[in-house]
Amino acid sequence: MVVWGSHVRKRFQLVITGGPGVGKHTSARLVAKKFPGSKMIDINKMAIANNAILDDGDDNFGLNIDVKKVRRLIDYEAKTHRNDLILLGHLAPYVVNPSKISMAIVLRRSPYELISVFRKRHYSPEKTRENIASEILGITLFDSLKSFGKAKLAEIDTTGETPLQTLDKIASLLQENSRPRFGYIDWLSLVIRNNDVQRFLEY
């Protein structure tokens, strides 16, 4: 149990996931700052630090990791860390034991906004196309739903939001001031309405 404000709340073990460019790292750092004593674990960095990398992967999807080894490392952290735990990364749906967490939050961002984000990151056209298609189709959300289930899953739209606005939404979920919900973000319908299917999705 952890004291928050004037009341006592349960310790949380939170997953923050989503595709590239949605604000995962910034949000996780702000959550860790807001909840003193919490520990943030970047799953990619954990895999690298513990020699759990099988190879460098490809340009679009990043590292290929030793899933079993990373799962064991995360399970150990979840068991031994006595304060709040924040597990960060797009690989979370594949390596985090759902029984060990209290909530999984999938951050989403409009494909139109991601274009400028990826341009600033100097992504190749192929890498940009692959990641935008994944966001439109909700791949991370679908995989998170399969891994963590409906009861523990929430999604947050970060489009046009400041990092602090996103933090407020995450904190509200953690403090049980709002119920987790998902399935309300539909980029595919937006793209279809704008006649941009061919622009973003090859078929």
Side-chain angles (χ1 to χ4, degrees), residues 11-35 37-109 114 117-118 120-124 126-135 137-149 152-156 158 163 166-167 170 174:
R11 177 175 68 112
F12 65 74
Q13 293 180 332
L14 171 69
V15 163
I16 296 179
T17 188
V22 297
K24 298 186 298 296
H25 288 80
T26 300
S27 295
R29 285 193 292 268
L30 289 173
V31 172
K33 186 176 180 179
K34 185 176 183 66
F35 295 91
S38 60
K39 182 176 183 179
M40 184 182 79
I41 296 176
D42 184 317
I43 294 172
N44 273 7
K45 289 182 179 179
M46 169 185 273
I48 293 170
N50 290 276
N51 298 314
I53 304 299
L54 300 178
D55 58 60
D56 291 335
D58 57 38
D59 289 339
N60 296 322
F61 300 106
L63 303 174
N64 288 326
I65 65 171
D66 183 334
V67 171
K68 291 183 179 179
K69 184 172 184 178
V70 174
R71 280 177 177 165
R72 289 196 298 270
L73 291 167
I74 293 173
D75 283 349
Y76 176 79
E77 290 288 349
K79 181 179 179 179
T80 59
H81 189 67
R82 297 190 177 278
N83 292 324
D84 301 321
L85 189 65
I86 305 158
L87 299 166
L88 160 69
H90 72 284
L91 295 171
Y94 317 108
V95 297
V96 175
N97 185 336
S99 68
K100 304 292 185 182
I101 67 162
S102 48
M103 183 179 297
I105 295 177
V106 182
L107 300 184
R108 310 290 305 277
R109 177 164 281 167
L114 284 176
V117 173
F118 295 156
K120 291 177 182 177
R121 294 185 179 186
H122 304 291
Y123 278 18
S124 68
E126 182 183 4
K127 186 174 183 179
T128 295
R129 185 168 53 251
E130 291 280 353
N131 282 299
I132 287 180
S134 178
E135 176 63 21
L137 298 174
I139 300 301
T140 302
L141 178 68
F142 178 75
D143 290 344
S144 296
L145 177 60
K146 287 197 300 182
S147 296
F148 304 121
K152 292 185 176 182
L153 187 64
E155 64 177 341
I156 293 176
T158 64
T166 301
L167 171 64
I170 294 172
L174 291 173

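- Closest approach of A32 to M40, counting heavy atoms only: CB-CB, 4.4 Å.
- Among R108, R129, R109, the single residue meeting the salt bridge (Lys or Arg N to Asp or Glu O under 4.0 Å) criterion with E135 is R108.
- Judged by distance alone, the side chain of T158 and the main-chain N or O of V22 form a donor-acceptor pair under 3.5 Å.
- Shortest non-hydrogen contact noted between R121 and G21 is NH1-N, 3.4 Å.
- In this pair, Y123 and F118 present their aromatic rings parallel. The plane angle is below 30°, not in the 30 to 60° band.
- Note that NE2 of H90 and CG of N44 are 5.5 Å apart. Values are rounded to the nearest 0.5 Å.
- Between K127 and P20 there is no side-chain heavy-atom pair separated by less than 4.5 Å.
- The side chain to side chain contact (heavy atoms under 4.5 Å, CB included) check on A52 picks up A47, D66, K69, V70, with sequence neighbours excluded.
- In this structure the side chain of Y76 never reaches within 4.5 angstrom of the side chain of R72, judged on heavy atoms.
- Between the NZ atom of K79 and the CG atom of L85 there is a distance of 15.0 Å, given to the nearest 0.5 Å.
- A pairwise comparison of heavy atoms in L153 and L141 identifies CD2-CD1, 3.9 Å as the closest pair.
- Between the K39 side chain and the H81 main chain, no donor and acceptor come within less than 3.5 Å of each other.
- D42 contributes atom CG, which lies 9.5 Å from atom CZ of R29 (distance to the nearest 0.5 angstrom).
- With values rounded to the nearest 0.5 angstrom, T140 atom OG1 is found 12.5 Å from L145 atom CG.
- K34 places no side-chain N or O within 3.5 Å of a backbone atom of L167 that could act as its donor or acceptor partner.
- In terms of heavy atoms, S38 sits closest to I86 at OG-CD1, 3.9 Å.
- In this structure, the side chain to side chain contact (heavy atoms under 4.5 Å, CB included) partners of K100, at least two apart in sequence or on a different chain, are Q13, D75, A78, N97.
- Shortest non-hydrogen contact noted between I170 and S27 is CD1-CB, 4.0 Å.
- Checking side-chain atoms of T17 against main-chain N and O of G89 turns up a donor-acceptor pair under 3.5 Å.
- At least one side-chain heavy atom of S144 sits less than 4.5 Å from a side-chain heavy atom of P93.
- Pairing each heavy atom of V15 with each of A92, the nearest pair is CG1-CB, 3.6 Å.
- Once rounded to the nearest 0.5 Å, the distance linking CE of M46 with CG of L87 reads 7.5 Å.
- Atom CG of residue N50 and atom CG of residue L73 lie 4.5 Å apart, to the nearest 0.5 angstrom.
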With side chain to side chain contact (heavy atoms under 4.5 Å, CB included) as the test, would you mind laying out the steps for L91 and I65 before giving the verdict? CA-CA 9 Å; L91 295 171; I65 65 171; 3.7 Å; yes

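- Between T26 and T166, every side-chain heavy-atom pair lies at or beyond the 4.5 Å cut-off.
- Within the 4.5 Å cutoff, side-chain heavy atoms of F148 are placed close to those of V96.
- You'll find the side chain of L174 reaches within 4.5 Å of the side chain of F35, heavy atoms only.
- I16 places a side-chain heavy atom less than 4.5 Å from the side chain of L14.
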